[in-house]
Amino acid sequence: MRLALFPRKVERSDLQILEKHFPYYARMNPKFKKEFERRLQYILSSRNFHPRGGLQEVTEEMEVLIGATITMVIFGWKKVRLPHFRKILIYPNQYYSSITRTYHKGEVNPKFGIIVLSWRAFLEGLVDEDDGINLGVHEVAHALKLENQIRHNDEFNFISASVSQDYRAHMALEKEKMKAGEDSPFREAALINGDEFFAVVLENFFERPEVFSEQRPEFFKTMTLLMQQNPLVVSPRVKVEKA
């Protein structure tokens with residue numbers, strides 16, 4: 001209803017936020033930026049953002065940066081929108097879960113189509129673009145994987161089965177290396193389970209594509225096929241030559 005009756009247009013102020021705080025967009029060429037803005041408008045128009053845990057309001061910056069993170073992750077697919085996950089809950093800090101009885105920075109609830117984020121942790125993920133830790137990407141990665149498995153919408157099974165098979169082979173090999181104590185571009189949280197491995201890999205795919213591609217070139221190539229995009233091409237970083 002919101003999308004049909006009251007579309008959330010991307011305003012000049014939104015673009016200023018992106019240029020200042022979202023490097024993936026800021027580095028794009030004009031053609032990619034135009035497409036990103038169009039896709040972002042759909043994402044913002046089809047999501048409901050709700051403050052929780054004492055947060056007074058959801059600001060324009062919150063909507064734009066969270067919406068941009070979703071847009072970035074799905075940018076390689078022209079028709080993927082993650083329609084199941086329409087509700088975004090935003091806490092000011094980490095929050096306590098009565099279900100797991102522990103504190104969380106973010107989570108995804110597939111039953112109710114909800115993505116939950118700590119705003120502080122989300123911002124921390126944006127500030128350092130080179131550490132391979134990005135809460136927004138991490139949680140959207142979980143939503144992406146779940147959306148691919150949900151049969152009641154048109155986006156079911158959009159990830160290539162053959163590429164997924166190659167991905168699983170790389171995952172198994174990387175896990176063996178990590179358990180053996182070998183150097184890896186991925187942090188130890190990737191070893192928790194398959195879902196966490198995928199989320200950690202995606203964080204590195206978007207935050208540290210240069211490191212990822214240099215240390216694991218074949219794995220990185222597989223990820224470009226899996227995600228239908230190459231961050232090194234879509235959002236290239238300009239290298240500054242040392243004097």
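On a predicted model such as this, the values are computed, not experimentally measured, just so you know.
Side-chain contact between Phe49 and Met62 is absent, with no heavy atoms from C-beta onward closer than 4.5 Å. For the pair Glu139/Val116, no side-chain contact is recorded, criterion being any heavy-atom separation below 4.5 Å from C-beta on. Side-chain contact between Glu203 and Val200: present, with at least one pair of heavy atoms (C-beta onward) separated by less than 4.5 Å. Looking at His50 and Val58, their side chains never come closer than 4.5 Å, going by heavy atoms from C-beta outward. Counting heavy atoms from C-beta on, the side chains of Ile90 and Pro51 never come closer than 4.5 Å. Side chains of Asp14 and Leu18 form no contact here, defined as non-hydrogen atoms less than 4.5 Å apart. Contact check for His142 versus Phe85: no side-chain heavy atoms found under the 4.5 Å cut-off. Side-chain contact between Leu226 and Ser164: present, with at least one pair of heavy atoms (C-beta onward) separated by less than 4.5 Å.
Note that the NZ atom of Lys78 and the CZ atom of Arg81 stand 9.5 Å from one another [nearest 0.5 Å]. To the nearest 0.5 Å, atom CG of residue Asn204 and atom CD of residue Glu207 are 8.0 Å apart. Distance CD1/Ile115 to CG/Leu82: 7.0 Å, rounded to 0.5 Å. Taken from CG in Asn148 to CZ in Phe156, the straight-line distance is 7.5 Å, to the nearest 0.5 Å. Taking CD1 of Ile43 as the start and CD1 of Ile70 as the end, the distance is 5.5 Å to the nearest 0.5 Å. Atom CD of residue Glu61 and atom CD of residue Gln16 lie 12.0 Å apart, to the nearest 0.5 angstrom.
One hydrophobic cluster, built from ILVMFWY side chains closer than 4.5 Å, cannot hold both Ile133 and Val137; they sit in different ones. Grouping the Ile, Leu, Val, Met, Phe, Trp and Tyr side chains by contacts below 4.5 angstrom, directly or via other members, places Phe158 with Ile74. Residues Leu144 and Leu225 fall within the same hydrophobic cluster, defined by Ile, Leu, Val, Met, Phe, Trp and Tyr side chains chained together at heavy-atom separations under 4.5 Å. Tyr103 is not connected to Ile114 by any chain of hydrophobic side-chain contacts under 4.5 Å among Ile, Leu, Val, Met, Phe, Trp and Tyr, and they are in different clusters. Hydrophobic clustering of Ile, Leu, Val, Met, Phe, Trp and Tyr side chains at less than 4.5 Å, counting indirect connections, keeps Leu44 apart from Leu89.
With sequence neighbours left out, the side-chain hydrogen bond (donor to acceptor under 3.5 Å, both in side chains) criterion links Thr59 to no other residue. Residues that satisfy the ring pair (Phe, Tyr, Trp, His ring centres under 6.0 Å) test with Tyr91, not counting sequence neighbours, are Tyr95. For His104, the side-chain hydrogen bond (donor to acceptor under 3.5 Å, both in side chains) partners two or more places apart in sequence, or in a different chain, are Thr100. Under the salt bridge (Lys or Arg N to Asp or Glu O under 4.0 Å) criterion, Asp166 pairs with no residue at all, not counting sequence neighbours. Applying the ring pair (Phe, Tyr, Trp, His ring centres under 6.0 Å) criterion to Phe220, with sequence neighbours excluded, gives Phe205, Phe212. In this structure, the side chain to side chain contact (heavy atoms under 4.5 Å, CB included) partners of Arg120, at least two apart in sequence or on a different chain, are Asn93, Ser118, Glu124. Among residues two or more places apart in sequence or in another chain, the side-chain hydrogen bond (donor to acceptor under 3.5 Å, both in side chains) test is passed with His84 by none. Residues forming a side chain to side chain contact (heavy atoms under 4.5 Å, CB included) with Pro92 (at least two apart in sequence, or on another chain): Leu55. Looking at residues two or more places apart in sequence or on another chain, you find a side-chain hydrogen bond (donor to acceptor under 3.5 Å, both in side chains) between Glu35 and Arg38. Under the side chain to side chain contact (heavy atoms under 4.5 Å, CB included) criterion, Lys33 pairs with Glu19, Tyr25, Met28, Glu37, not counting sequence neighbours. Under the salt bridge (Lys or Arg N to Asp or Glu O under 4.0 Å) criterion, Lys145 pairs with Asp195, sequence neighbours left out.
At distances below 3.5 Å, not a single donor-acceptor pair connects side-chain atoms of Arg187 with backbone N or O atoms of Ser184. Side chain of Arg8 to main chain of Ser46: no donor-acceptor pair is present (N/O by atom type, distance under 3.5 Å, no hydrogens or angles). Arg39 contributes no side-chain N or O that, together with a main-chain N or O of Phe36, makes up a donor-acceptor pair within less than 3.5 Å. A donor-acceptor pair under 3.5 Å is absent between the side-chain atoms of Asn48 and the main chain of Lys87, judged by distance alone.
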Fill in: Intermediate values then yes/no, side chain to side chain contact (heavy atoms under 4.5 Å, CB included), His138 and Leu202
CA-CA 7 Å; His138 192 97; Leu202 220 58; over 6 Å; no

Item to complete: May I have the step-by-step check of side chain to side chain contact (heavy atoms under 4.5 Å, CB included) for Arg216 and Lys177, ending in yes or no?
Response: CA-CA 12 Å; Arg216 300 291 188 271; Lys177 292 180 178 180; 4.0 Å; yes

Item to complete: Just do the side chain to side chain contact (heavy atoms under 4.5 Å, CB included) check on Asn134 and Phe206 with the steps written out, would you?
Response: CA-CA 9 Å; Asn134 185 304; Phe206 286 108; over 6 Å; no

Item to complete: Could you go through the side chain to side chain contact (heavy atoms under 4.5 Å, CB included) check for Val201 and Met223 one step at a time?
Response: CA-CA 9 Å; Val201 167; Met223 288 303 299; 3.8 Å; yes

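Considering all non-hydrogen atoms of both residues, Lys221 and Thr224 come closest at O-OG1, 2.6 Å. Nearest heavy atom pair, residue Leu232 against residue Ser213, reads CD1-OG, 3.8 Å. The nearest pair of heavy atoms linking Gln41 to Lys9 is OE1-CA, 3.7 Å. Of all the heavy atoms in Met227 and Val73, the pair that sits closest is CE-O, 3.3 Å. In plain terms, the two heavy atoms of Val80 and Trp77 that are nearest each other are CG2-CB, 3.3 Å. Closest non-hydrogen pair, Glu60 versus Ser13, comes out as OE2-OG, 2.5 Å.
Counted by atom type alone, Ser97 and Glu107 present zero donor-acceptor pairs between their side chains at under 3.5 Å.
Among the candidates Thr69, Ile17, Leu40, Leu15, the single residue satisfying the side chain to side chain contact (heavy atoms under 4.5 Å, CB included) test with Phe22 is Thr69. With respect to Arg237, the side chain to side chain contact (heavy atoms under 4.5 Å, CB included) criterion is satisfied by exactly one of Pro231, Pro23, Pro209: Pro209. The residue from Arg168, His170, Gln165 that alone fulfils the side chain to side chain donor-acceptor pair (under 3.5 Å) condition with Thr222 is His170.
The hydrophobic cluster of Val233 has no other members, since no ILVMFWY side-chain heavy atom comes under 4.5 Å of it.
Around CG of Asp183, the count of heavy atoms belonging to other residues, nucleotides or ligands within 6.0 Å does not exceed 12.
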